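Take a look at the structure below.
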Amino acid sequence: VLLQQVIVNLLMNAAQAMASADSAVRELIIRSEILSTGEIRLQVLDSGPGIAPGLERKLFESFFTTKATGMGMGLPICRSIVEAAGGAIELANRDDGASGARVMLTLPAL
Ligand SMILES: Nc1ncnc2c1ncn2[C@@H]1O[C@H](COP(=O)(O)OP(=O)(O)O)[C@@H](O)[C@H]1O
Ligand SMILES: [Mg+2]
């Protein structure tokens with residue numbers, strides 16, 4: 001249930017980021033894989049405006065938001081849930097040539 005909360009938060013953020021851009025294409029990619037170490041990796045990629053340089057860490061601070069009606073609690077809650085499960089989460093710009101943001105989440109092997 002907690003992981004469901006994390007995923008809903010990430011998908012909402014991606015949808016809101018893409019709604020704020022004036023691009024005609026809105027593409028959301030959810031990629032899950034099991035690494036050779038047995039860890040689970042989940043990525044959420046969007047085609048929104050991405051992250052302003054240097055903001056990657058600040059986004060996870062409580063009450064940090066760039067939205068008029070944002071709460072700024074989504075990412076801090078995601079991080080605390082993921083870290084409590086022994087995993088890690090980060091948000092950065094995509095590095096696959098496409099523009100937009102990428103969330104990468106890793107969870108330990110079951
Ligand atoms: N997919 C994304 N693309 C661009 N910026 C994002 C994305 N996800 C989160 N952000 C940035 O991180 C900030 C904090 O996100 P979050 O903690 O979920 O709070 P909120 O959604 O209430 O603003 C957002 O206001 C936005 O600036
Ligand atoms: Mg949010």
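Keep in mind the model is a prediction, meaning the values are calculated, not measured. Numbering of ligands and ligand atoms starts at 1, following listing order.
- Annotation for ligand 1: atoms under 4.0 Å from non-hydrogen atoms of Gly74 are 16 (P), 17 (O), 18 (O).
- Protein heavy atom at the shortest distance from atom 1 (N) of ligand 1 is Asp46 OD2, 2.8 Å.
- Taking every non-hydrogen atom of Phe64 and a distance limit under 4.0 Å, the qualifying atoms of ligand 1 come out as 14 (C).
- Here the shortest heavy-atom pairing between Ala101 and Arg94 reads O-CG, 3.5 Å.
- Of the candidates Gly50, Gly100, Gly48, Gly50 brings a heavy atom nearest to atom 4 (C) of ligand 1.
- When each atom of ligand 1 is checked for a heavy atom of Gly70 under 4.0 Å away, the hits are 22 (O).
- Against a heavy-atom cut-off of under 4.0 Å, Ala101 is close to the following atoms of ligand 1: 1 (N), 2 (C), 3 (N).
- Where the criterion is an N or O separation shorter than 3.5 Å, residue side chain and backbone included, Ala17 fails it with respect to ligand 1.
- Atoms of ligand 1 found under 4.0 Å from any heavy atom of Met71, numbered from 1 in the order shown, are 22 (O).
- Among all non-hydrogen protein atoms, the one lying nearest atom 5 (N) of ligand 1 is Ile51 CD1, 3.5 Å.
- Closest heavy-atom approach to atom 10 (N) of ligand 1 among the candidates Leu91, Thr65, Thr69, Leu11: Leu91.
- Linking ILVMFWY side-chain heavy atoms closer than 4.5 Å, directly or via other members, places Val8 and Val103 in two distinct hydrophobic clusters.
- For atom 9 (C) of ligand 1, the closest non-hydrogen atom of the protein is Asn13 ND2, 3.6 Å.
- If you check which protein heavy atom lies closest to atom 19 (O) of ligand 1, you get Gly72 CA, 3.2 Å.
- Around the Mg ion (ligand 2), the protein contributes the following N, O or S atoms under 2.8 Å, ordered by chain and number: Asn13 OD1.
- Of the protein's heavy atoms, Lys67 NZ, 2.7 Å lies nearest to atom 21 (O) of ligand 1.
- Residue, atom and distance of the protein heavy atom nearest to atom 17 (O) of ligand 1 are Leu75 N, 2.8 Å.
- Atom 27 (O) of ligand 1 has as its closest protein heavy atom Thr66 OG1, 2.5 Å.
- In this structure the side chain of Ile77 never reaches within 4.5 angstrom of the side chain of Met71, judged on heavy atoms.
- The nearest protein atom to atom 12 (O) of ligand 1, hydrogens excluded, is given as Leu59 CD2, 3.3 Å; this is a heavy-atom distance.
- For ligand 1, the atoms sitting less than 4.0 Å from at least one non-hydrogen atom of Pro76 are 17 (O), numbered in the order shown with element in parentheses.
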